[in-house]
Every structure is written in C-alpha cells, then in structure tokens.
Amino acid sequence: MVQITLPDGSQKQFPRPVTVAEVAADIGPGLAKATLAGEVDGRLVDTSYAIADDARLRIITGRDEEGLDLIRHSTAHLMAQAVKRLFPETQVTIGPVIENGFYYDFARDEPFRPEDLEAIEAEMAKIVAEDHPVSREVMERDEAVEFFRDMGEEYKARIIADIPADETLSLYRQGDFIDLCRGPHIPSTGKLGAFKLTKLAGAYWRGDSNNEMLQRIYGTAWADKKDLKAYLQRLEEAEKRDHRRLGKQLELFRFQDDAPGAVFWHPRGWTLFRQLIDYMRQRQDEAGYVEVNTPDVMDRSLWETSGHWQNYHEHMFTTQTEDQRVFALKPMNCPGSVSIYKQGLKSYRDLPVRMAEFGKVHRYEPSGALHGLMRVRHFTQDDAHIYCTEEQMEEECRKVIELNLSVYRDFGFDDVRLKFADRPENRIGDDATWDKLESALKGAIDAMGLDYTYNPGEGAFYGPKIEFVLRDTIGRDWQCGTLQVDLNLPERFDATYRTADGGERRPVMLHRALFGSLERFTGILIEHYAGNFPLWLAPVQLVVMNITDAQADYAQAVCHELRQRGFRTESDLRNEKIGYKIRARTLEKIPYLLIVGDREMEQGTVAVRLRDGTDLGSMPLDVLGQRLAREVAQRRAIGDN
RNA sequence: GCCCACGUAGCUCAGGCGGUAGAGCACUCCCUUGGUAAGGGAGAGGUCACUGGUUCGAGUCCAGUCGUGGGCACCA
C-alpha cells in the first residue's frame, strides 16, 4: 500500500508503486494532461517516476515556477535536437535555463547565421508535432564518457569527465536525440510550443576568454502562447524607453564615431545633467562636505605612487608631450584627493574631512563593453573621499548610507538593495585591520536595521565595500553607489594626522559615490521615467504657445516672466495651428504647455495643459507659479508619470 | 578584446539578378491667423562610414579599418 499526500492535505492510496503520471490521471484527465513533473518529498522528478513508499506529492504544471523552468529547460533540449538534425556536425555542450528563457552553446566551425534560427525554429515545431516521449536512462560515468565520445560529442565527454566517478548519470532520450542531463524533463516534446529563438552570440567555452568560442543561441519559452506574446510585448515596451532612443528623440545627447565611449551632451541633456550636479551639491553642502577639483592629467610618477600605473595601466589613457614627459588622464579621483589632504598638517580636530569632487574620469574600456550612456570611457563621478579616525568610521559609514538612501528616494527609487563584499584572497593589510573595517561597515548597516546580501570575497584588494543596487520602475537592477574602505592609498601617499597626544596616525579613507557615473545615472533616469521627467528635472519645464500672431507679444512676456521666476521656459510662436504645436511639444514630453489666446490675453491668464493631456483650465501666473514651485519642491510629479 | 549582425539626407527607413540615389517627418520660403495631438503648396538637403580591390561601370560584389547593436569576456 502506497499512501500519497497531496499539498491540500488530501490522501490517496494505491495498492502498489505508482508513477506521478498515474496519480495525476487518478485526480483528473485535465490535470493529467497538464502535468509536467512531480515534486516527491521536496524533490523534483519526472512524471514517469515510480513512488514506492508513502510520500508527499505535488503535481507540477506550467503554472508553477518549477514547471516554467522545466519548459525552458526542455525547450533547450528541443532546440539542441533540431540543431543536430539540421547540422549534424555540430557538437552540443550545455544548455541552461536563464531568466525568461534558455540558451544552448554549440561547437561547430561554421557560425550560425541569423536565417538559421528560422529553420531551427521550424524544425523544433516539427519535433513538437511528432510528440516524442522523453525517457530517462542511467549510466556509469566511464560508460557515459565512452558513449558520448563514440558519438563524437567531445565536449559532453569532457563535462562528464569532471563529474565525480561514483555519481550515476542520467541521460534523456527523445526520438533521435539523447543528451546528458540531471533532469527532470517534461514527459513528451508535444508539451512544448510557446517559444521563440531570440539571439545569436559567441560565448567562451566554460566562460573563459582563453578558451575557444562556442556558438550560443538564446531563446525564450513560456507555458502558453499568450505568455509568450506578453513577454515579447514587454520587450518592445522596454525598447521604447531605451535611453539611446529617447536620447536622440528628446535631443538630450549624441554619440559620434570620432569619440567612441564619449558623450556629446546637447543643451537639453546637459540641463538634466546640471540638475543632478546642482542637487547633489546642495545635499553634500548640507551634509558637511567640502568640494574640490583636481587635475585631469597628471604625471606618471603620481600614478606609480598610487599603484594605478602598475595595476590599472591597460585601462588608462596616456599622453606624451614634446619634452618626453608621460602623463595619464585620471581614471580615478582618489590620488588627486589624497594629494589635497596631504597639504599641510592635519590634526585629529580636523577630522572627519569629507572631500567631494565631480571629477571626470577616463578609462579605456574594452570596445565590446561600451553601451550607450551605461558604459562609457569618459564619465563624471559624484565622488567623495572621507578621511576620518578609526573610531569615527562606523558613524561616517552610517551617514553615507543614510545620505545615499535619501537621495535615491528623491528619484523614486524606493527599492534599494545593499550588497556587502568582504575580504578577497588577494589583499593587503593584516587580518586584525580587516576585522575592524568589516565590522565597522557591517555595523553601520546593522545599526540602521537594513537588509543586505553578502558577497564573500568580493571586496577590493584594499578594503571591503558596500554596493547600492537600485531597482527601476520596470524591475531592472542597476548598481550605482558604492562605499569602500581604503587601506592602500593612505599608506602609499603616507597620509597622516596628528593625534591628541602628539603622535601620528593614518586616517581611514572612505571612497563613496551615490550616482556612481553621472552619465550612467542620467541614462538610468531616462529609462526609469521613460523620458517623462518630473518637473524639477525636466530640461524644458514649460512651453508657452500662442494661438495667433495677435498674442505673440503676450506669450513672450509670459515666457519672460516665468524665466524670471526660475522656471525653464520656452515659447513657441510658430505660424502653426495650436493642435500642431501641442502635438509637437507633447512628443517632446514637456511637462506643462501654456496656451494663450485672446481670452487669456484679456484676462491676464494662461491656459494650462499637462503632458498627459489633462486640461487645468485658465489661471493667473501667480497661481501657476505656486503650483510649479510646490511640484518642484516635492520633486515627484503631481498627477502624471 | 572575441563571435554574429548592421552602418544610405538632421531623424526613421526604401533601394529585385552591379548602370553614379528615393519616401515620410524635421528644415527654409509662400498661402493660411486657425482654441487643445499633424492645414495646404513650393524648395533646399546625400563624397551611400572610411580605405583598397574586382569591373567598361559598385550603396549594390570582395578585403581591411573605424563605429554601432546583441551576446561573451572585462568592470581592479
């Protein structure tokens, strides 16, 4: 007698061992059809798995998270089968599930062409229609190595060879295709169908750039066509808010072939950029920072002192002058900062020194890494270096974290995750010092009652760090801020301060950034807001437009007055119908459109329309001014967005 | 840096089997002075990324370079 307990607590008895499929069929034919796998006592198994003893069983369908993963995993196998049919000389390697889909890496001399994807998809559909049952077989490791080697699947053999000898391996067979796999899998290829192959890519064998490159095919797969369609639509939506597209459309910035990885900021983009700096400056002033500015180009010897010349050389832009002196463009602001700290004697009474710099740094990033504003070679950091005593460190860390989170909130990033990275294998400084630094950083997070994830061994060689990850409105994560403790530079530059008893000590040096790269943060904001910037950030806040030439002077006077009041205002006096101007300015995503006709001119008012189409009616400038001031002050938009 | 794709007017894109370029929007001018998402007409605008090759002749074929996009690797 086998007793099966289902998730709802109900129980079923069977006279002899029973498979997951049989239990499902016993419950109902609809469920039997939808069943993809089972979870027996917490372990995922195939539907053909025979349950011999009393157990708890959960039936897995496409509606479960595990079921969706199964579908994706099995679709990867399906694709591999199709590829082997069409291109028999191809070797299969690995094909894991990833977010929203899967990929499979293949080894073959000829790379796949984009048009191959269609043929593969068609072949996949055929295999689905053939509805091959998927069956599991077991093999000893050495036997399996032999088996795949005989088939000419060298990569599979290599994968298996790395598996411990005593482990039994499972293979899954579907029609003419067999693959090494831990499983479980869906019961037959007919269960699949809602998939699409999305992209081709090269990928290094075992993720190592020293190895040969394989051909990777990415795909997405879902429980049904409806979900697939919804996913493809989400992709389209995301594309619409792509900062590169909006950057052009809204005339914010531009890239040019002569300056790869460098931004040409157009007036509107630069206005946005300036808002960020102005805002940050204000927040830093309030938080007790001083601001400095250090040279962009400094002699090689300084970079030797800092260690960058030895450790970071391949990422640095260098330049040589007529007199043969070698200079480097700064890839980081810290050496300049320490240089300023070192000027004159510092007393413990001077600490903490919080020294901010909006420094533009230059890093020679690999060409393949460049990506719009998100990864550039020349960018501005909202950098700061805090010099303090060990005793002050935890408090300073706490203040940095507080400031960061408060700043992020002003941009509507309420969901911020912290990642804590501690000592790596390769590091400087003794363990006692690392203990102190790590506990200070962690102590600051704990004192604030914040959650964080832990990245063991991921700290910098010179100190532990905290990373701040923002989640935007469409659920994507962006690592922006960092807080790092630095043991290295104070030592290398011999930075000190005078203690109360007349001795000398080394200050602790904290590096911190909130936005990280202002270029990148601007890009994130563009996508986060989909170009609909809240009033305080909008490059152009208002456009005044006349209905006919008769109100041109009045419109200009209104525009002038609003500028006097500090609002970024433009006028549109073109000889066009009002509908045309409204459409044009709405597409530019201007938050406020002010329309003036004879009525408004006579009454001394403006008709106000928001970019989402809301008509606020006519009002005097004073009333509008108050509304605008309130909206700017609270930073989040009223009404739309 | 590596793999694949792409690079035509300011923007978005057309240009079957090679015969020195086209549309829409934007721009300029003219008509129109019109109350909440495109009024009409005319005009101007391109060394088809760059370099070299094949050819009587090359956006169109080939090679290289640069750049962009999607991945991989990288992001101390």
Side-chain angles (χ1 to χ4, degrees), chain A residues 98 103 105-106 108 110-117 198-218 239 242 244-245 248-251 254-261 266 306-308 310-316 331-332 363-372 374-377 424 426-427 458-463 465 467 479 482 484 486 488 516-517 520 545-552 573-588 593-600 607-618:
Chain A
I98 53 172
Y103 66 79
D105 284 347
F106 300 98
R108 71 193 286 257
E110 280 284 292
F112 292 109
R113 328 225 118 240
E115 51 271 25
D116 293 338
L117 291 190
T198 50
K199 48 200 170 194
L200 277 175
Y204 298 108
W205 164 242
R206 295 199 156 139
D208 185 337
S209 57
N210 295 316
N211 290 341
E212 65 274 29
M213 188 159 266
L214 307 173
Q215 303 296 321
R216 176 173 296 179
I217 302 178
Y218 283 91
E239 222 167 277
D242 188 301
R244 291 164 301 190
R245 182 187 171 122
K248 260 190 232 172
Q249 219 168 292
L250 304 180
E251 289 245 34
R254 192 65 57 135
F255 288 94
Q256 216 166 289
D257 288 1
D258 337 72
H266 286 27
S306 71
H308 286 87
Q310 299 85 326
N311 297 316
Y312 202 68
H313 190 253
E314 79 231 39
H315 294 290
M316 286 162 79
M332 292 180 200
R363 300 180 183 177
Y364 185 74
E365 301 285 354
S367 57
L370 303 180
H371 178 91
M374 302 307 191
R375 191 88 180 265
V376 289
R377 285 180 174 156
N426 276 327
R427 60 179 184 265
E458 290 292 307
F461 74 93
Y462 50 77
K465 64 179 172 188
E467 292 176 343
Q479 199 236 292
T482 56
Q484 315 190 6
D486 185 356
N488 187 41
S517 147
R520 187 171 130 91
M545 43 189 79
N546 57 339
I547 299 216
T548 71
D549 290 346
Q551 308 91 32
L573 308 177
R574 289 179 297 175
N575 175 15
E576 296 288 354
K577 293 195 174 180
I578 197 66
Y580 179 91
K581 295 189 202 180
I582 286 172
R583 176 178 151 81
R585 301 303 177 168
T586 302
L587 290 175
E588 288 174 28
L593 302 185
L594 308 182
I595 291 108
V596 296
D598 285 337
R599 268 203 309 278
E600 285 74 22
V608 182
R609 179 186 162 113
L610 302 181
R611 82 185 134 200
D612 66 359
T614 309
D615 184 358
L616 295 182
S618 292

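Residue numbers start from 1 in every chain, and the chains themselves are labelled A, B, ... in the order their sequence lines are given, proteins ahead of strands.
- Residue contacts shown for A:Asp598 include a base, since a base heavy atom lies under 4.0 Å away.
- Residues passing the salt bridge (charged side-chain N to carboxylate O under 4.0 Å, His left out) test with A:Arg206, sequence neighbours excluded: A:Asp162.
- The residue A:Pro260 sits close only to the backbone: its heavy atoms come under 4.0 Å of sugar-phosphate atoms, none of a base.
- The side chain of A:Arg244 places an N or O atom within less than 4.0 Å of a non-bridging phosphate oxygen (OP1 or OP2) of B:G69.
- Taking side-chain N and O atoms only, A:Arg363 has no distance below 4.0 Å to OP1 or OP2 of B:C75.
- An OP1 or OP2 oxygen of B:G39 is reached within less than 4.0 angstrom by no side-chain nitrogen or oxygen of A:Lys577.
- Rounded to a whole Å, the CZ atom of A:Phe255 is 17 Å from the C1' atom of B:C11.
- Not a single donor-acceptor pair under 3.5 Å links the side chain of A:Asp116 to the backbone N or O of A:Phe112.
- Between B:G10 and A:Arg254, no contact under 4.0 Å exists linking OP1 or OP2 to a side-chain N or O.
- Residue A:Arg574 places its side chain closer to B:C27 than to any other of B:C2, B:C27, B:G35.
- An OP1 or OP2 oxygen of B:C72 is reached within less than 4.0 angstrom by a side-chain nitrogen or oxygen of A:Tyr218.
- Side chain A:Glu600 to base B:G35: a donor-acceptor pair is found below 3.5 Å.
- Distances shown here put a side-chain N or O of A:Tyr580 below 4.0 Å from the OP1 or OP2 atom of B:A26.
- Atom name P, nucleotides B:G71 and B:U55: the rounded distance is 42 Å, in whole Å.
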What N/O pairs connect the protein and nucleotides 12-17 of chain B at under 3.5 Å? Give each pair on its own line.
residue: B:U12; atom: OP1; partner: A:Lys248; partner atom: NZ; Å: 3.0

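- In this structure, of B:G35, B:A73, B:C3, it is B:A73 that holds the atom nearest to the side chain of A:Ala369.
- In this model, the phosphate group of B:G1 is not approached by any side-chain N or O of A:Ser209 to a distance below 4.0 Å at OP1 or OP2.
- Residue A:Asp615 is classed as having no contact, given no heavy-atom separation below 4.0 Å to the nucleic acid.
- Taking 4.0 angstrom as the limit, A:His371 places none of its side-chain polar atoms (N or O) nearer than this to OP1 or OP2 of B:U68.
- Here the P atom of nucleotide B:G39 and the CD1 atom of A:Ile582 are 11 Å apart, to the nearest Å.
- In terms of phosphate contacts, A:Arg377 brings no side-chain nitrogen or oxygen within less than 4.0 Å of OP1 or OP2 of B:C74.
- A:Ser209 meets the side chain to side chain contact (heavy atoms under 4.5 Å, CB included) test with A:Tyr204; sequence neighbours excluded.
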